[in-house]
Amino acid sequence: MSDLEKQLSMPASQAARRLLGCELERIIGNETIKVRIVEVEAYDETDAASHSYKGRTPRTDVMFGPAGRLYVYFTYGMHYCCNVTVGKDGEGAAVLIRAVEPIKGEAIMEQNRQGKSGVELTNGPAKVCQALMIDKQLNGHNLANAPLTLVLNPASEEDVVVTTRIGISKAKDAPLRFYLKDSNYISRK
DNA sequence: TGCCTGATGTTCT
DNA sequence: GAACATCAGGCAC
(Lines give C-alpha, C1' and ligand atoms only; values in the text may rest on other atoms or scores of the structure.)
Protein backbone atom coordinates (compact mmCIF):
# COMPACT_ATOMS: atom_id res chain seq x y z
CA MET A 1 0.00 0.00 0.00
CA SER A 2 1.36 3.41 -0.92
CA ASP A 3 1.76 6.16 1.65
CA LEU A 4 -0.93 8.17 -0.12
CA GLU A 5 -3.35 5.27 0.09
CA LYS A 6 -2.71 4.91 3.82
CA GLN A 7 -3.23 8.63 4.39
CA LEU A 8 -6.64 8.54 2.71
CA SER A 9 -7.97 5.24 4.09
CA MET A 10 -10.47 6.90 6.39
CA PRO A 11 -14.15 7.94 6.30
CA ALA A 12 -14.94 10.30 3.41
CA SER A 13 -15.83 13.27 5.61
CA GLN A 14 -12.44 13.07 7.35
CA ALA A 15 -10.52 12.45 4.14
CA ALA A 16 -12.26 15.46 2.57
CA ARG A 17 -10.90 17.77 5.27
CA ARG A 18 -7.46 16.29 4.83
CA LEU A 19 -7.52 17.00 1.10
CA LEU A 20 -8.18 20.72 1.58
CA GLY A 21 -4.99 22.71 1.07
CA CYS A 22 -3.23 19.81 -0.67
CA GLU A 23 -1.52 20.30 -4.01
CA LEU A 24 -2.13 18.64 -7.35
CA GLU A 25 0.67 18.53 -9.86
CA ARG A 26 -0.26 17.92 -13.49
CA ILE A 27 2.40 17.28 -16.14
CA ILE A 28 1.41 18.08 -19.74
CA GLY A 29 4.25 17.59 -22.21
CA ASN A 30 7.11 19.74 -20.90
CA GLU A 31 4.84 21.92 -18.82
CA THR A 32 3.85 21.61 -15.19
CA ILE A 33 0.64 22.87 -13.67
CA LYS A 34 0.35 23.10 -9.91
CA VAL A 35 -2.82 23.91 -7.98
CA ARG A 36 -4.08 23.93 -4.40
CA ILE A 37 -7.36 22.23 -3.47
CA VAL A 38 -9.71 24.75 -1.83
CA GLU A 39 -13.18 23.18 -2.06
CA VAL A 40 -14.36 19.55 -1.85
CA GLU A 41 -17.42 17.40 -1.15
CA ALA A 42 -17.52 13.97 0.50
CA TYR A 43 -19.49 11.00 -0.86
CA ASP A 44 -19.76 7.42 0.35
CA GLU A 45 -21.97 4.40 -0.29
CA THR A 46 -24.40 5.15 2.58
CA ASP A 47 -25.17 8.49 0.90
CA ALA A 48 -28.17 8.69 -1.48
CA ALA A 49 -26.43 11.42 -3.50
CA SER A 50 -23.38 9.26 -4.16
CA HIS A 51 -22.77 7.32 -7.36
CA SER A 52 -21.74 4.36 -5.20
CA TYR A 53 -25.05 4.33 -3.28
CA LYS A 54 -26.63 1.73 -5.53
CA GLY A 55 -23.68 -0.58 -5.39
CA ARG A 56 -20.68 -1.38 -7.50
CA THR A 57 -21.16 -1.03 -11.27
CA PRO A 58 -18.64 -0.76 -14.12
CA ARG A 59 -18.91 3.01 -13.83
CA THR A 60 -18.32 3.21 -10.08
CA ASP A 61 -15.77 0.42 -9.91
CA VAL A 62 -12.94 2.86 -9.21
CA MET A 63 -14.75 4.29 -6.19
CA PHE A 64 -14.76 0.85 -4.60
CA GLY A 65 -11.06 0.31 -5.18
CA PRO A 66 -8.14 1.48 -3.02
CA ALA A 67 -7.80 5.11 -1.89
CA GLY A 68 -5.69 7.70 -3.68
CA ARG A 69 -7.01 7.05 -7.20
CA LEU A 70 -8.75 9.46 -9.54
CA TYR A 71 -12.43 8.82 -10.28
CA VAL A 72 -13.49 10.78 -13.37
CA TYR A 73 -17.08 10.81 -14.58
CA PHE A 74 -18.96 12.53 -17.34
CA THR A 75 -22.10 14.51 -16.52
CA TYR A 76 -24.80 16.69 -18.09
CA GLY A 77 -23.69 15.66 -21.57
CA MET A 78 -20.69 17.97 -21.68
CA HIS A 79 -18.66 18.06 -18.50
CA TYR A 80 -16.16 15.97 -16.60
CA CYS A 81 -15.82 16.04 -12.85
CA CYS A 82 -13.00 14.48 -10.87
CA ASN A 83 -12.91 12.81 -7.48
CA VAL A 84 -10.20 11.34 -5.31
CA THR A 85 -11.12 7.90 -4.01
CA VAL A 86 -10.87 7.49 -0.25
CA GLY A 87 -11.69 4.91 2.41
CA LYS A 88 -10.54 1.32 2.60
CA ASP A 89 -10.29 -0.96 -0.43
CA GLY A 90 -13.82 -2.26 -1.07
CA GLU A 91 -15.60 0.84 0.27
CA GLY A 92 -17.34 3.04 -2.31
CA ALA A 93 -16.16 6.42 -1.09
CA ALA A 94 -14.72 9.45 -2.87
CA VAL A 95 -14.16 13.18 -2.47
CA LEU A 96 -15.29 15.49 -5.29
CA ILE A 97 -12.82 18.27 -6.10
CA ARG A 98 -15.02 21.34 -6.63
CA ALA A 99 -12.45 24.12 -6.83
CA VAL A 100 -8.70 24.73 -6.83
CA GLU A 101 -6.34 27.74 -6.79
CA PRO A 102 -3.58 28.07 -9.39
CA ILE A 103 -0.01 28.00 -8.06
CA LYS A 104 1.90 27.45 -11.28
CA GLY A 105 1.14 27.14 -15.01
CA GLU A 106 -1.76 29.59 -15.05
CA ALA A 107 -1.11 30.42 -18.73
CA ILE A 108 -1.66 26.80 -19.75
CA MET A 109 -4.87 26.66 -17.77
CA GLU A 110 -6.12 29.81 -19.50
CA GLN A 111 -5.52 28.12 -22.84
CA ASN A 112 -7.39 25.03 -21.71
CA ARG A 113 -10.25 27.22 -20.52
CA GLN A 114 -10.49 29.16 -23.81
CA GLY A 115 -9.05 32.41 -22.54
CA LYS A 116 -10.93 32.54 -19.25
CA SER A 117 -8.84 33.92 -16.40
CA GLY A 118 -8.87 34.74 -12.71
CA VAL A 119 -11.27 32.85 -10.49
CA GLU A 120 -13.25 31.74 -13.56
CA LEU A 121 -10.35 29.43 -14.30
CA THR A 122 -11.06 26.81 -11.67
CA ASN A 123 -14.02 27.77 -9.43
CA GLY A 124 -16.21 24.77 -10.32
CA PRO A 125 -15.76 21.02 -10.64
CA ALA A 126 -16.09 20.85 -14.43
CA LYS A 127 -13.81 23.89 -14.78
CA VAL A 128 -11.11 22.19 -12.77
CA CYS A 129 -11.15 19.23 -15.14
CA GLN A 130 -10.96 21.48 -18.20
CA ALA A 131 -8.11 23.56 -16.81
CA LEU A 132 -6.07 20.50 -15.83
CA MET A 133 -6.98 18.53 -18.97
CA ILE A 134 -8.52 15.70 -17.00
CA ASP A 135 -10.80 13.34 -18.91
CA LYS A 136 -11.90 9.73 -18.83
CA GLN A 137 -8.47 8.53 -19.85
CA LEU A 138 -7.31 9.38 -16.34
CA ASN A 139 -10.13 7.44 -14.66
CA GLY A 140 -8.54 5.05 -12.16
CA HIS A 141 -5.16 6.81 -12.30
CA ASN A 142 -3.01 6.35 -9.21
CA LEU A 143 -2.32 9.82 -7.78
CA ALA A 144 1.03 8.72 -6.41
CA ASN A 145 2.35 8.74 -10.01
CA ALA A 146 2.93 11.17 -12.93
CA PRO A 147 1.39 12.78 -14.92
CA LEU A 148 -0.97 13.72 -12.10
CA THR A 149 0.20 13.57 -8.51
CA LEU A 150 -1.36 14.54 -5.21
CA VAL A 151 0.89 16.11 -2.59
CA LEU A 152 -0.53 15.93 0.91
CA ASN A 153 -0.27 19.23 2.71
CA PRO A 154 -3.45 19.62 4.76
CA ALA A 155 -4.71 23.05 5.78
CA SER A 156 -5.21 23.79 9.46
CA GLU A 157 -8.61 22.98 10.96
CA GLU A 158 -9.50 26.58 11.77
CA ASP A 159 -9.39 27.60 8.09
CA VAL A 160 -12.01 25.02 7.09
CA VAL A 161 -15.68 25.92 6.64
CA VAL A 162 -18.36 23.18 6.56
CA THR A 163 -21.64 23.56 4.65
CA THR A 164 -24.22 21.49 2.78
CA ARG A 165 -23.45 20.31 -0.73
CA ILE A 166 -24.29 21.92 -4.07
CA GLY A 167 -26.04 20.80 -7.25
CA ILE A 168 -27.53 17.56 -5.98
CA SER A 169 -31.13 16.44 -5.51
CA LYS A 170 -30.80 13.85 -2.73
CA ALA A 171 -29.39 14.06 0.80
CA LYS A 172 -29.12 17.82 0.38
CA ASP A 173 -28.93 18.54 4.08
CA ALA A 174 -25.83 16.54 4.92
CA PRO A 175 -22.95 18.85 5.96
CA LEU A 176 -20.38 17.26 3.67
CA ARG A 177 -18.98 20.21 1.74
CA PHE A 178 -15.75 21.73 2.94
CA TYR A 179 -13.86 24.80 1.78
CA LEU A 180 -11.04 27.10 2.84
CA LYS A 181 -12.46 30.33 4.17
CA ASP A 182 -9.68 32.51 2.78
CA SER A 183 -9.96 31.42 -0.85
CA ASN A 184 -11.53 33.50 -3.64
CA TYR A 185 -11.88 30.45 -5.87
CA ILE A 186 -14.88 28.93 -4.07
CA SER A 187 -17.73 28.06 -6.45
CA ARG A 188 -20.31 29.49 -4.07
CA LYS A 189 -20.03 30.90 -0.57
C1' DT B 1 -27.85 40.70 -10.29
C1' DG B 2 -30.56 36.76 -10.95
C1' DC B 3 -33.44 33.41 -13.14
C1' DC B 4 -34.03 30.23 -17.19
C1' DT B 5 -32.51 27.29 -20.61
C1' DG B 6 -29.82 24.85 -24.14
C1' DA B 7 -26.06 21.84 -25.13
C1' DT B 8 -25.31 16.99 -25.10
C1' DG B 9 -23.26 11.70 -23.52
C1' DT B 10 -23.18 8.09 -20.39
C1' DT B 11 -25.33 5.12 -17.25
C1' DC B 12 -28.94 2.70 -15.30
C1' DT B 13 -33.97 1.25 -15.15
C1' DG C 1 -36.18 6.88 -21.87
C1' DA C 2 -35.02 9.54 -17.89
C1' DA C 3 -31.78 11.26 -14.75
C1' DC C 4 -27.69 13.61 -13.99
C1' DA C 5 -22.35 15.73 -8.16
C1' DT C 6 -22.62 21.49 -14.75
C1' DC C 7 -21.58 25.69 -17.20
C1' DA C 8 -22.31 29.77 -19.99
C1' DG C 9 -25.11 32.80 -22.41
C1' DG C 10 -29.33 35.42 -22.85
C1' DC C 11 -32.87 38.16 -21.28
C1' DA C 12 -35.68 40.57 -17.80
C1' DC C 13 -35.66 43.55 -14.05
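Numbered from 1 within each chain, the chains take letters A, B, ... in sequence-line order. Just so you know, these numbers use all the heavy atoms, side chains as well, and skip hydrogens, waters and symmetry mates.
Under the rule for a side-chain hydrogen bond (donor to acceptor under 3.5 Å, both in side chains), the partners of A:R56 that lie at least two apart in sequence or sit in another chain are A:D61. For A:D44, there are no salt bridge (charged side-chain N to carboxylate O under 4.0 Å, His left out) partners, not counting sequence neighbours. Judged as a salt bridge (charged side-chain N to carboxylate O under 4.0 Å, His left out), and not counting sequence neighbours, A:R18 has no contacts. Under the rule for a ring pair (Phe, Tyr, Trp, His ring centres under 6.0 Å), A:F64 has no partner lying at least two apart in sequence or in another chain. The side-chain hydrogen bond (donor to acceptor under 3.5 Å, both in side chains) check on A:T60 picks up A:T57, with sequence neighbours excluded. Shown here are the side-chain hydrogen bond (donor to acceptor under 3.5 Å, both in side chains) partners of A:D182, two or more places apart in sequence or in another chain: there are none.
Within the structure, side-chain hydrogen bond (donor to acceptor under 3.5 Å, both in side chains) contacts touching residues 66-92 of chain A (residues at least two apart or in different chains) are A:H51-A:Y71. For residues 163-174 of chain A, the pairs satisfying side-chain hydrogen bond (donor to acceptor under 3.5 Å, both in side chains) are A:D47-A:R165, A:T163-A:R177, with sequence neighbours left out.
The outermost nucleotides of DNA chain B lying under 4.0 Å from heavy atoms of chain A, listed 5' to 3', are B:dA7 to B:dT13.
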Nucleotide pairing, DNA chain C (Watson-Crick or G-U, distances under 3.5 Å), in dot-bracket with [ ] and |: ||||.|||||||.

Throw together a table of side-chain donor-acceptor distances under 3.5 angstrom for residues 136-143 of chain A, partners on residues two or more places apart or in other chains.
residue	atom	partner	partner atom	Å
A:N139	OD1	A:V72	N	2.9
A:H141	NE2	A:N145	O	3.0
A:H141	NE2	A:L148	O	2.9
A:N142	OD1	A:A144	N	3.0

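Judged purely by distance below 3.5 Å, without hydrogens or angles, the side chains of A:E101 and A:S183 pair a donor atom with an acceptor atom.
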Output one line per pair: protein atom, nucleotide atom from nucleotides 4-8 of chain C, and distance, for all N/O pairs under 3.5 Å.
residue	atom	partner	partner atom	Å
C:dA5	N9	A:Y73	OH	3.4
C:dA5	N7	A:A49	O	3.3
C:dA5	N7	A:H51	NE2	3.2
C:dA5	N1	A:N83	OD1	2.4
C:dA5	N1	A:N83	ND2	3.4
C:dA5	N3	A:Y73	OH	2.7
C:dT6	OP2	A:G167	O	2.6
C:dT6	O2	A:H79	NE2	2.8
C:dC7	OP1	A:P125	N	3.1
C:dC7	OP1	A:A126	N	3.2
C:dC7	O4'	A:H79	NE2	3.1
C:dA8	OP1	A:R113	NH1	3.2
C:dA8	OP1	A:R113	NH2	2.9
C:dA8	OP2	A:K127	NZ	3.2

